[in-house]
Amino acid sequence: MESALDTKTATLTFENNDLARQLYGQQNSHLQRISEVLKVDVDARGNSVFIQGNSFAVDLAENLLGQLYGLLENKYPIFPDDVDYAINALSADHRTRLKDIFLDTIFITAKKRLITPKSSNQKAYIEAIRNFDIVFGIGPAGTGKTYLAMAMAVLTLSKGRVNRIILTRPAVEAGEALGFLPGDIAEKVDPYLRPLYDALHDMMRFEKASGLIEKGVIEVAPLAFMRGRTLNDAFVILDEAQNTTSEQMKMFLTRIGYNSKAVITGDITQIDLPSGKASGLIESKAILQGIEGIRFVFFSKMDVVRHKLVQEIIRAYEDLDLRKSEKERK
């Protein structure tokens with residue numbers, strides 16, 4: 001039971017009526033979310049917000065509301081998901097400056113949506129892609145690894161810094177041979193490359209993307225098609241890299257040519273390789289981190305930017321794996 005010494009009350013007053021209403025959310029939904037997650041009482045009266053609860057949680061809520069208001073002052077619209085992302089970021093490190101993360105606009109999609117990092121790790125990932133030629137993004141599904149890399153690829157192409165984008169994945173389920181599937185090669189590999197097409201079509205109109213694919217400016221192909229090539233003046237994304245073998249990863253990394261960037265993404269907890277085959281992503285993590293010019297960025301469940309239940313699902317499976325490990329040790 002909390003003692004009186006553990007509780008704290010804080011009051012925040014905001015100057016701008018309109019911004020205060022935006023901060024509170026529709027029917028105070030943002031404040032309700034903060035109250036629910038941080039376990040504090042939050043009460044809005046006019047331009048003032050009163051917070052009461054555990055001292056640490058009140059400090060966090062006060063920091064959170066102040067920084068969200070600062071984002072609104074910079075004309076950044078606050079959506080419900082942004083409140084969750086901000087809570088995660090400040091819970092991980094109260095010194096985090098939300099402006100440094102949320103105001104780093106990477107790209108504006110065909111649907112006129114801003115693409116910005118939503119966590120400190122996503123911000124570090126974007127900075128790494130800007131500053132390094134080879135970047136590994138490793139972490140669970142939903143952390144924005146592929147999506148942010150795609151946004152950076154389209155931006156880099158639009159700025160004329162590369163001449164083409166190459167998107168590739170290992171087609172593990174089809175054993176890379178693909179021969180037993182019906183249809184031509186495009187129809188055979190399409191199911192494995194579809195997530196890359198989906199992300200691409202979110203960045204630009206379907207007609208424009210299709211035109212660039214027809215011209216060869218954007219290439220979407222299975223990893224097996226990279227063999228024997230040198231990829232110059234290109235932004236290359238290798239997705240689902242946990243399903244590469246050691247040989248495939250070495251082959252891919254040695255394809256990188258002049259004026260090219262490569263981003264390799266994967267989740268080492270979801271490896272679909274046949275039993276006995278080592279993951280090229282895990283091996284590269286072990287042997288390449290000391291090389292200057294290569295940067296590794298690691299994501300956690302705190303960086304998940306999908307439905308908030310995805311974080312809970314990831315946590316549940318982590319707990320299951322932990323219980324299995326403890327049982328095996330006994």
Side-chain angles (χ1 to χ4, degrees), residues 121 124-125 128-129 132-150 152-153 164-179 181 185 188-197 199 219-232 234-258 260-300 303 314 317-318 321:
N121 283 335
Y125 184 55
I129 294 172
F132 293 84
D133 289 337
I134 298 178
V135 176
F136 287 80
I138 300 175
T143 50
K145 304 181 300 295
T146 303
Y147 194 79
L148 292 175
M150 186 75 76
M152 291 297 290
R164 55 185 172 153
I165 295 172
I166 298 173
L167 311 172
T168 186
R169 298 177 111 194
V172 168
E173 296 86 346
E176 287 285 359
L178 305 169
L181 292 175
I185 190 62
K188 292 175 191 290
V189 302
D190 186 71
Y192 307 101
L193 303 176
R194 179 52 49 192
L196 295 174
Y197 283 112
E219 179 182 350
V220 187
L223 181 58
F225 284 30
M226 299 298 110
R227 194 173 300 278
R229 302 173 62 184
T230 300
L231 308 176
N232 294 321
F235 194 118
V236 191
I237 299 174
L238 169 57
D239 193 33
E240 297 290 328
Q242 76 274 8
N243 289 327
T244 61
T245 64
S246 175
E247 296 80 8
Q248 287 172 329
M249 180 63 79
K250 180 181 177 182
M251 177 274 290
F252 172 78
L253 291 174
T254 54
R255 299 307 93 203
I256 309 305
Y258 293 106
S260 288
K261 279 186 178 289
V263 180
I264 300 96
T265 71
D267 177 1
I268 57 178
T269 69
Q270 296 190 26
I271 296 172
D272 299 317
L273 289 168
S275 178
K277 280 282 187 181
S279 167
L281 181 59
I282 291 179
E283 183 179 74
S284 63
K285 173 175 169 284
I287 67 175
L288 300 180
Q289 288 195 63
I291 297 178
E292 187 175 351
I294 297 177
R295 176 59 58 94
F296 283 76
V297 179
F298 297 95
F299 298 89
S300 74
D303 300 298
I314 292 171
Y317 276 100
E318 287 179 346
D321 290 339

Results of side chain to side chain donor-acceptor pair (under 3.5 Å) for Ser284 - residues two or more places apart only: none
Pairwise salt bridge (Lys or Arg N to Asp or Glu O under 4.0 Å) hits with a residue in residues 240-249, at least two apart: Arg169-Glu240
Results of side chain to side chain donor-acceptor pair (under 3.5 Å) for Asn121 - residues two or more places apart only: Asp303
Contact between Leu273 and Ser279 at the side-chain level, heavy atoms closer than 4.5 Å - yes or no? yes
My understanding is that only residues two or more places apart in sequence, or in another chain, count here; which of them pass side chain to side chain contact (heavy atoms under 4.5 Å, CB included) with Leu231? Arg164, Ile166, Met226, Arg229, Val236, Arg255
Partner residues of Ala153 under the side chain to side chain contact (heavy atoms under 4.5 Å, CB included) criterion, sequence neighbours left out: Ile165, Phe235, Ile237
Would you call Val263 and Leu148 a side-chain contact if the rule is heavy atoms closer than 4.5 Å? no
What residues, two or more places apart in sequence or in another chain, satisfy side chain to side chain donor-acceptor pair (under 3.5 Å) together with Thr168? none
Side-chain touch Lys277/Ile271, heavy atoms, less than 4.5 angstrom: no
From Lys145 atom NZ to Ile138 atom CD1, the distance as rounded to the nearest 0.5 Å: 9.5 Å
Identify the two heavy atoms, one from Gly144 and one from Tyr125, that lie closest to each other, and give their separation to 0.1 Å. O-CE2, 4.2 Å
Smallest heavy-atom separation, Pro170 atom then Thr244 atom, equals CG-CG2, 4.0 Å
Hey, what do you get for CG (Leu238) to CG (Asn243), rounding to the nearest 0.5 Å? 10.0 Å
Any donor-acceptor pair under 3.5 Å from Thr265 side chain to Gly137 backbone: no
Might you work through the side-chain contact (heavy atoms from CB on, under 4.5 Å) test for Asp133 and Ile256, ending with a clear yes or no? CA-CA 9 Å; Asp133 289 337; Ile256 309 305; over 6 Å; no
Between Ile264 and Phe252, is any pair of side-chain heavy atoms under 4.5 Å apart? yes
So do Thr146 and Leu196 actually touch side chain to side chain, heavy atoms under 4.5 Å? yes
Does Phe136 reach the side chain of Leu288, with side-chain heavy atoms less than 4.5 Å apart? yes
According to side chain to side chain donor-acceptor pair (under 3.5 Å), who are the partners of Gln270, at least two apart in sequence or on a separate chain? Asp267
Scanning both residues in full, the closest heavy-atom pair of Met249 with Ala241 reads CE-CB, 4.0 Å
Residues in side chain to side chain contact (heavy atoms under 4.5 Å, CB included) contact with Asn232, at least two apart in sequence or another chain: Thr230, Tyr258
With sequence neighbours excluded, tell me which residues meet side chain to side chain contact (heavy atoms under 4.5 Å, CB included) with Gln289. Lys285, Phe296, Phe298
